[in-house]
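Written out below as C-alpha cells is the structure these notes cover.
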Amino acid sequence: MLVAGLSFSCSLAYKSFCETSNIRQGDMVIRGVITDSVTHGIRLKLINTIRGTEARDTVTVWDATDIECNGPFPQRTSLMGAIGDTILVAMNLVDSIAEPWQVIGDYLYPDNFGFTPHLIIRDDTLLGFISGSQMAPEQFNVWKMDFSDWLTYWNTHGNSCTMLVGIKEEDELQLTLLPNPAQSTLYLQNSNSHVPVKIFAPSGVIVTNSIFVNGQLDISSLAAGIYYAEITMGNKTQVKKFVKAG
C-alpha cells in the first residue's frame, strides 16, 4: 500500500494520469462504473482491466487516511466520481489496515497527493489531466482523448502513455528539420532568417527557448532523445518532432 506524501512538499506540482501510472507500476489500471456507495467507500463494476489481473466483476474501493498539509487533504472515494460515472483509475490492493473500515484484498482510494490517479470517461471520451506537464502550456498537454485511441496507444507502447503529448503536427508552414536525427546542429530547411523556436521534451516541459540563426540551431547541449520544436513564422506556429542523437 502506498504511503501518501512522503516525497512531496505542500507546494504540489501534479503529475498527469500517464505519469502517475508509470511511476506506480504496482497499481492496477481499471476501467469501471461506480455503481453505489457504502460507508467509507464505493462499489466499482469492472468493464475491463487495463493492467493487472482481477477475477471479480465488482470490487469495493475504500477511503484512505486524510493527509494534513496546510490543512486537511482528503483521500476519499467520493472524489473519484458520482454513481453512474465511468472512470479510468490506477489503484492497488489493500495489503495492510490503516483504518478500521478498510478490508484486505479490496482496493484503497488511490493517493492523489501530487498525482492524478483517475479520469472520467464520458461518451467514450477520456477527460482530465491525461498526459503532459503541469508547468507546460496547456496546448502541450492532453486533456481530452477518444478512449479507444488512448487504449490503442497504451497497448502499443508497452502499457505506458508517458510519451503521449498534445501536439499536432500541421503542415501549414511546410517546414522541414534536417538532419533528423541530428547530433549537434539542427537546420531549418529553406530559411536564411532569424526564426524563434521553443524546444519541448515529450513531457511538455520547455527545455530551450532560442532562435534559428540563418536556419541553424545549436542543439549540442540537449540530452539524446525525442523533442518537439515549436517554430513561429509571422502569425503562424508549427510543431515538428525531431530526434537528438547521442
Side-chain angles (χ1 to χ4, degrees), residues 9 11-23 114-116 119 125-246:
S9 67
S11 178
L12 296 176
Y14 274 86
K15 301 181 186 304
S16 69
F17 179 86
C18 287
E19 190 174 0
T20 297
S21 63
N22 188 60
I23 291 170
F115 294 109
T116 303
L119 301 168
T125 300
L126 195 57
L127 303 171
F129 189 18
I130 300 168
S131 184
S133 168
Q134 186 179 354
M135 306 306 292
E138 184 172 336
Q139 64 266 30
F140 293 96
N141 295 324
V142 181
W143 298 90
K144 181 178 180 180
M145 187 175 185
D146 183 86
F147 177 76
S148 62
D149 288 345
W150 178 88
L151 185 58
T152 297
Y153 190 98
W154 172 277
N155 288 333
T156 56
H157 288 76
N159 290 343
S160 175
C161 55
T162 54
M163 297 296 289
L164 181 64
V165 291
I167 296 176
K168 297 180 180 179
E169 295 193 61
E170 299 174 352
D171 293 323
E172 281 186 41
L173 297 177
Q174 299 296 319
L175 300 178
T176 301
L177 298 178
L178 296 172
N180 196 0
Q183 190 157 25
S184 59
T185 303
L186 192 63
Y187 295 89
L188 182 60
Q189 192 175 43
N190 299 325
S191 174
N192 295 314
S193 60
H194 287 37
V195 178
V197 59
K198 294 179 182 178
I199 306 298
F200 290 85
S203 63
V205 174
I206 186 170
V207 295
T208 299
N209 193 344
S210 190
I211 295 175
F212 278 98
V213 178
N214 295 325
Q216 299 181 40
L217 180 68
D218 182 5
I219 59 169
S220 58
S221 63
L222 296 180
I226 296 172
Y227 294 91
Y228 295 86
E230 182 188 71
I231 302 163
T232 302
M233 299 181 72
N235 61 356
K236 293 184 177 180
T237 298
Q238 185 177 346
V239 176
K240 300 295 289 185
K241 182 169 69 175
F242 71 93
V243 177
K244 166 64 166 62

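Throughout, residue positions are numbered sequentially from 1 according to the sequence presented. Side chains included, hydrogens not; waters and symmetry mates left out as well; all remaining heavy atoms used.
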> Roughly how far, to the nearest 0.5 Å, is the OG1 atom of T162 from the NE2 atom of H157?
Replying inline: 9.0 Å
>> Can you list everything that forms a side-chain contact (heavy atoms from CB on, under 4.5 Å) with S148? Sequence neighbours excluded, please.
In response: D146
> Excluding sequence neighbours, so at least two apart, what forms side-chain contact (heavy atoms from CB on, under 4.5 Å) with P181?
Replying inline: V243, A245
> Would you say D218's side chain and T185's backbone share a donor-acceptor pair under 3.5 angstrom?
Replying inline: no
> If you take all heavy atoms of N180 and K241, which pair is closest and at what distance?
Replying inline: ND2-O, 3.2 Å
> Distance-only, no hydrogens or angles: does the T20 side chain make a donor-acceptor pair with backbone N or O of T116 under 3.5 Å?
Replying inline: yes
> Measuring from W154:CH2 to T152:OG1, what's the distance to the nearest 0.5 Å?
Replying inline: 13.5 Å
>> For F115 and I23: C-alpha separation, side-chain torsions, deciding distance, then whether side-chain contact (heavy atoms from CB on, under 4.5 Å) applies.
In response: CA-CA 10 Å; F115 294 109; I23 291 170; 4.2 Å; yes
>> Please check this pair: side chain of S21 against backbone of C18, looking for a donor-acceptor N/O pair closer than 3.5 Å.
In response: yes
> Given F17 and F129, is the side-chain contact (heavy atoms from CB on, under 4.5 Å) satisfied, shown in steps?
Replying inline: CA-CA 6 Å; F17 179 86; F129 189 18; over 6 Å; no
> If you round to the nearest 0.5 Å, how far is CG of L222 from CD1 of I199?
Replying inline: 7.0 Å
>> Are the side chains of Y187 and L177 in contact, using a 4.5 Å heavy-atom criterion?
In response: no
>> What verdict does the side-chain contact (heavy atoms from CB on, under 4.5 Å) test give for L127 and W143, after you've listed the backbone C-alpha separation in whole Å, the side-chain angles of each residue and the deciding distance to 0.1 Å?
In response: CA-CA 6 Å; L127 303 171; W143 298 90; over 6 Å; no
> Is there side-chain contact between W150 and I130, with at least one heavy-atom pair below 4.5 Å?
Replying inline: yes
> Is any side-chain heavy atom of V195 closer than 4.5 Å to a side-chain heavy atom of L188?
Replying inline: yes
> How many angstroms lie between atom CE of M145 and atom OG of S131, to the nearest 0.5 angstrom?
Replying inline: 9.0 Å
> Under a 4.5 Å cut-off applied to non-hydrogen side-chain atoms, are L151 and F147 in contact?
Replying inline: yes
> If you look at every heavy atom in N22 and S160, which pair is closest and at what distance?
Replying inline: OD1-OG, 3.9 Å
Without placing hydrogens or testing angles, list every side-chain donor-acceptor pair under 3.5 Å for residues 207-214, not counting sequence neighbours.
none

> So how far is it from L175 CG to I231 CD1, rounded to the nearest 0.5 Å?
Replying inline: 5.0 Å
>> When you measure from the side chain of K240 to the backbone of A229, do you find a donor-acceptor pair of N or O atoms at a distance under 3.5 Å?
In response: no
> Nearest 0.5 Å, what's the OG-NZ distance between S184 and K244?
Replying inline: 7.5 Å
